[in-house]
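Notes for the one structure printed next.
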There are 2 protein chains.
Amino acid sequence: MTADRIFEALASQPRRKILAYLSAQELTAGDIASRFEMSAPAISRHLSVLETAGLVHSERRGQFVFYRLNKDNLVNTLTSFTFEICPVASALKRESRKRASLKPST
Amino acid sequence: MTADRIFEALASQPRRKILAYLSAQELTAGDIASRFEMSAPAISRHLSVLETAGLVHSERRGQFVFYRLNKDNLVNTLTSFTFEICPVASALKRESRKRASLKPST
DNA sequence: TAAATAGTTAACTATTGTGTTAATTGATTA
DNA sequence: TAATCAATTAACACAATAGTTAACTATTTA
């Protein structure tokens, strides 16, 4: 199950902070590392945890490796978990779907 | 920071499963333990992690301890994190607020 | 091609998390 | 009040995290 890896990835403050940084713009591994007290290798491993979880994507451009956020994966996992846990929200969602099917694009 | 404890609590499959069980109804510690392969003490500790994070509430009634979900805390944390990470959603939220202030109850 | 820069991987250490069984606390009942 | 049932706490073992420094790979540039 991939939700497993995602929640695991989110269980670390530095990793959540990395995601927040990446929410604004793509950044190189070095850019990210410079925002923390930690060593570069430590950041590199955090990035690899995030990438394995499918939360970020990396791309090498010349000397640099750019990281960017994979919003869909994160948002989907968190909202679907929220709905699973919170039947009220789930009921609202069903209600919303029903309305949509009765009266398209409103 | 309490989001810390919440994400930490969510980083465990058994604990997420417990939350899912509790989303349907309140349960005693024993009810919950019986749904897992694990020993009762192990479940008891998972429950205490969830309670410390503010995700569940426990109440002793006679011989039993009943657990129930604290939905607000969970939903608030997850959605606010989602908005933090996903500026698009955040922009939508702002937009939505603006509309609401211009044209109440629509 | 040698040196420098960016980043990751390797090897290691310390700490934390998660499970076990045994002992303990609290409440009920024979 | 002794026995039983529900649940937690204690003590321990083992695996996994998360950090460190050192070594390595890839790319650029003098």
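Letters go in sequence order (proteins before strands), and every chain restarts at 1. Given the structure is predicted, the values throughout are model-derived calculations rather than measurements.
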**Message:** Whether the side chain of A:Asn70 engages the backbone of A:Gly54 through a donor-acceptor N/O pair (distance < 3.5 Å, no angle test) should be reported.
**Reply:**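 Pair found, side chain donor or acceptor close to backbone of A:Gly54.
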**Request:** Measure the spacing between CG of B:Leu22 and CG of B:Leu50 and express it to the nearest 0.5 Å.
**Result:**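 If we round to the nearest 0.5 Å, B:Leu22:CG and B:Leu50:CG are 8.0 Å apart.
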**Message:** Show the nearest heavy-atom pair for residues A:Thr79 and A:Asn76, with the distance to one decimal.
**Reply:**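 Minimum heavy-atom contact is OG1-O, 3.3 Å.
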**Request:** Work out which heavy atom in A:Glu84 is nearest to a heavy atom in B:Ser23; give both atom names and the distance.
**Result:** O-OG, 3.8 Å
Figure out the [atom1]/[atom2] separation between [X] and [N], and round it to whole Å.
X: A:Asp4; N: D:dA16; atom1: CG; atom2: P; value: 14 Å
X: A:Phe64; N: C:dA4; atom1: CZ; atom2: P; value: 17 Å
X: B:Gln63; N: D:dC5; atom1: CD; atom2: P; value: 9 Å
X: B:Glu59; N: D:dA6; atom1: CD; atom2: P; value: 19 Å
X: B:Leu47; N: D:dA7; atom1: CG; atom2: P; value: 10 Å
X: B:Arg60; N: D:dT9; atom1: CZ; atom2: P; value: 10 Å
X: A:Phe7; N: C:dG17; atom1: CZ; atom2: C1'; value: 19 Å

**Message:** Just so I know, are the side chains of A:Leu27 and A:Tyr67 near enough to count as touching, which here means a heavy-atom distance under 4.5 Å?
**Reply:** no
**Asked** Does a side-chain heavy-atom distance below 4.5 Å link B:Ile6 with B:Asn73?
**Response**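 Yes, at least one pair of side-chain atoms sits under 4.5 Å.
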**Asked** Using 4.0 Å as the upper bound for N to carboxylate O, is an ion pair formed by B:Glu51 and B:Arg5?
**Response** no
**Asked** Between B:Thr82 and A:Thr82, does a side chain to side chain contact (heavy atoms under 4.5 Å, CB included) hold up when you go through it step by step?
**Response** CA-CA 11 Å; B:Thr82 302; A:Thr82 302; over 6 Å; no
**Request:** For DNA chain C, determine which residues of residues 25-35 of chain B have any heavy atom closer than 4.0 angstrom to one of its atoms, and list them numerically.
**Result:**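 Correct list: empty, so none.
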**Message:** Each nucleotide in nucleotides 18-24 of chain D should get exactly one letter: B, S or -. Can you fill that in based on protein heavy atoms under 4.0 Å?
**Reply:** BBBBB--
**Request:** Output yes when at least one side-chain N/O atom of B:Tyr67 is less than 4.0 Å from OP1 or OP2 of D:dT8, else no.
**Result:** yes
**Prompt:** What's the verdict on side chain to side chain contact (heavy atoms under 4.5 Å, CB included) for B:Phe36 and B:Ile18, showing C-alpha distance, side-chain angles and the deciding distance?
**Reply:** CA-CA 9 Å; B:Phe36 289 83; B:Ile18 290 174; 3.7 Å; yes
